[in-house]
Asker: 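Structure incoming, see below.
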Amino acid sequence: MQGKIAFEEHMAIEETLGGSRHFAGESGRWDEFTRELLDVGERRIEAMERCGVDFALLSLNAPAVQGILDTDEAIAVARKANDKIAEAAAKFPHRYAGLAALPMQDPDAASAELTRCVNDLGFKGAMVNGFTQKGEPDSAIYYDIPEYRSFWATVSELDVPFYLHPRMQIPAQAGNYEGHGWLMAAPWGFAVETSIHALRLCGSGLFDDYPNLRIAVGHLGENIPFALWRLDARMRFSPRGYRGKRPLGEYFVEHFHITTSGFFNDPAFKCTVEVMGTDRMYFSADYPFERMEDAARWYDATPTIADSDRLKIGRTNAIRLFGLDLE
Ligand code: GRE
Ligand code: ZN
């Protein structure tokens with residue numbers, strides 16, 4: 001399919017690049033990752049063209065800003081990364097726009113940076129890499145807590161999507177992963193971490209307070225669609241601490257938008273589409289951690305959707321979600 005739009009497509013600046021090194025593992029791909037992450041120019045566009053992707057929303061690698069302990073440094077790095085994305089989007093306006101990196105260490109600074117990015121730089125939303133550390137390494141701040149309500153008020157006012165992207169659990173809080181590095185990272189732990197954060201948002205009453213919030217998650221919903229029925233079924237019996245006014249599944253299906261990033265598999269996709277419907281599903285690759293070719297080859301051929309839905313999920317849904325100025 002030609003004309004796809006993708007929006008979990010990562011870049012890096014020198015200050016954040018090292019955070020991704022771990023994920024190259026022993027694959028020998030670090031040099032390639034480095035080159036691909038730092039390039040927001042023509043090489044990336046060539047890869048997009050080869051894969052039928054004509055527009056990408058760029059975002060920073062992970063954990064990047066969320067792993068910076070010093071708030072002023074986090075503010076400066078987010079700003080620098082966003083300026084770099086803005087520069088690429090200005091140079092290639094028909095190819096790129098941005099999702100803002102945000103210094104969540106300070107909710108007011110995060111609001112200010114998002115406002116700057118959307119109003120001054122034409123960004124289409126935010127991408128945040130899970131919980132934020134702050135002050136000390138053994139810290140993990142989630143955004144359902146009351147301190148972040150003013151931040152969510154800004155997201156609601158700007159009316160832009162917020163992409164909740166994975167990061168790895170911090171070692172001090174992950175004793176049960178000990179000795180199993182693989183379990184903690186992208187194969188499993190990313191989805192555990194991100195799904196818990198997403199479910200915390202659902203259970204905090206956030207969507208009662210801000211009914212227009214739109215949260216994007218990748219990797220076919222970080223395992224939540226498969227689990228959604230059971231979540232609601234069991235919560236009828238033990239809703240301890242749940243603060244939503246409605247069943248959790250209703251918030252998830254209404255407020256969450258799900259991409260195919262890094263998850264190119266027919267049965268999982270079919271389940272996700274059955275749970276979410278076709279209006280809140282989107283193509284994405286997760287470049288460069290996934291090869292764009294793998295994402296596109298699978299998506300273009302998957303027999304699980306009709307061609308009319310392929311166009312919708314591959315393109316037109318994204319135009320609507322982000323209000324893109326594309327046909
Ligand atoms: C991602 O961005 O989703 C990602 C990484 C590193 C490894 C795997 C992965 O940042 O999916
Ligand atoms: Zn990603």
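These figures come from a predicted structure and were not determined experimentally. Counting starts at 1 for both ligands and their atoms, in listed order.
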Asker: The Zn ion (ligand 2) as vertex, arms to NE2 of His10 and NE2 of His165: angle to 10°?
Answerer: 100°
Asker: Find out if a path of hydrophobic residues (ILVMFWY) with successive side-chain heavy-atom gaps under 4.5 Å connects Leu99 to Tyr96.
Answerer: no
Asker: Which atoms of ligand 1 sit under 4.0 Å from any heavy atom of Phe190?
Answerer: 4 (C), 5 (C), 9 (C)
Asker: Does ligand 1 have an atom under 4.0 Å from some heavy atom of Asn61?
Answerer: no
Asker: State the atom name: nearest N, O or S atom of Asp286 to the Zn ion (ligand 2).
Answerer: OD1
Asker: Need the atom name: nearest N/O/S atom of Glu8 to the Zn ion (ligand 2).
Answerer: OE2
Asker: In the protein, which heavy atom is nearest to atom 10 (O) of ligand 1, and how far is it?
Answerer: Phe289 CE1, 3.4 Å
Asker: Check each atom of ligand 1 against the heavy atoms of His165 and keep those under 4.0 Å away; list them by number with element.
Answerer: 1 (C), 2 (O), 3 (O)
Asker: Considering only non-hydrogen protein atoms, determine which one is nearest to atom 11 (O) of ligand 1 and report residue, atom name and distance to 0.1 Å.
Answerer: Asp286 OD2, 3.1 Å
Asker: Aromatic ring centroids of His197 and Phe131 under 6.0 Å?
Answerer: no
Asker: For atom 8 (C) of ligand 1, which candidate among Ser284, Ala186, Pro288 provides the closest heavy atom?
Answerer: Ala186
Asker: Could you verify whether a donor N or O on one side chain and an acceptor N or O on the other, from Thr71 and Asp106, lie under 3.5 Å apart?
Answerer: no
Asker: Suppose we measure from atom 6 (C) of ligand 1 to each protein heavy atom; which comes out shortest, and what is that distance?
Answerer: Phe23 CG, 3.3 Å
Asker: Just by distance, with hydrogens left out, do Tyr163 and Thr259 show a side-chain donor and acceptor under 3.5 Å apart?
Answerer: yes
Asker: Tell me whether His219 reaches ligand 1 (any heavy atom closer than 4.0 angstrom to a ligand atom).
Answerer: yes
Asker: What about Phe7 and Tyr282, are their ring centers closer than 6.0 Å?
Answerer: yes
Asker: Taking the ring centre of each residue, are Phe289 and His10 less than 6.0 Å apart?
Answerer: yes
Asker: Establish, yes or no, whether a centroid distance under 6.0 Å links the rings of Phe151 and Tyr143.
Answerer: no
Asker: Could you tell me whether His255 and Phe207 have their ring centroids closer than 6.0 angstrom?
Answerer: yes
